[in-house]
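Numbers here simply count residues along the sequence, with the first being 1. Treat the numbers as computed from the prediction; the structure is a model and nothing was measured.
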Amino acid sequence: MTTPENDHDTPTLDDVIVPTETPHPDQHEHGKMPHPVDDAELEERTAHEREETGSA
């Protein structure tokens with residue numbers, strides 16, 4: 001039987017991801033109706049995600 005100190009499957013604070021982008025919530029939308037996709041914003045967010053994952 002393993003103890004909590006030796007259990008590598010137990011999450012710790014080292015497993016927390018630090019956010020690197022700031023979301024811009026729009027409170028004017030209905031919660032279930034998505035807003036139209038802005039292509040420029042989508043490209044920017046995709047590029048940011050690729051940089052963070054190293055796949056660019």
Side-chain angles (χ1 to χ4, degrees):
M1 184 158 136
T2 60
T3 61
E5 297 85 33
N6 296 332
D7 188 9
H8 297 290
D9 294 330
T10 305
T12 65
L13 288 178
D14 294 332
D15 298 324
V16 176
I17 298 173
V18 178
T20 58
E21 69 176 331
T22 306
H24 300 286
D26 185 359
Q27 303 298 328
H28 299 289
E29 300 174 4
H30 187 275
K32 294 182 181 179
M33 286 296 279
H35 67 286
V37 177
D38 179 16
D39 290 336
E41 180 184 355
L42 182 60
E43 278 186 42
E44 182 180 322
R45 294 181 74 181
T46 302
H48 177 79
E49 185 174 327
R50 286 182 178 153
E51 290 172 8
E52 289 298 312
T53 60
S55 62

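The CG atom of Asp38 sits 9.5 Å away from the CD atom of Glu44 when rounded to the nearest 0.5 Å.
Under the rule for a side-chain hydrogen bond (donor to acceptor under 3.5 Å, both in side chains), Thr12 has no partner lying at least two apart in sequence or in another chain. Partners of Glu52 by side chain to side chain contact (heavy atoms under 4.5 Å, CB included), not counting sequence neighbours, listed by chain and number: Thr20, His48. By the side chain to side chain contact (heavy atoms under 4.5 Å, CB included) test, Glu43 pairs with no residue at all, sequence neighbours left out.
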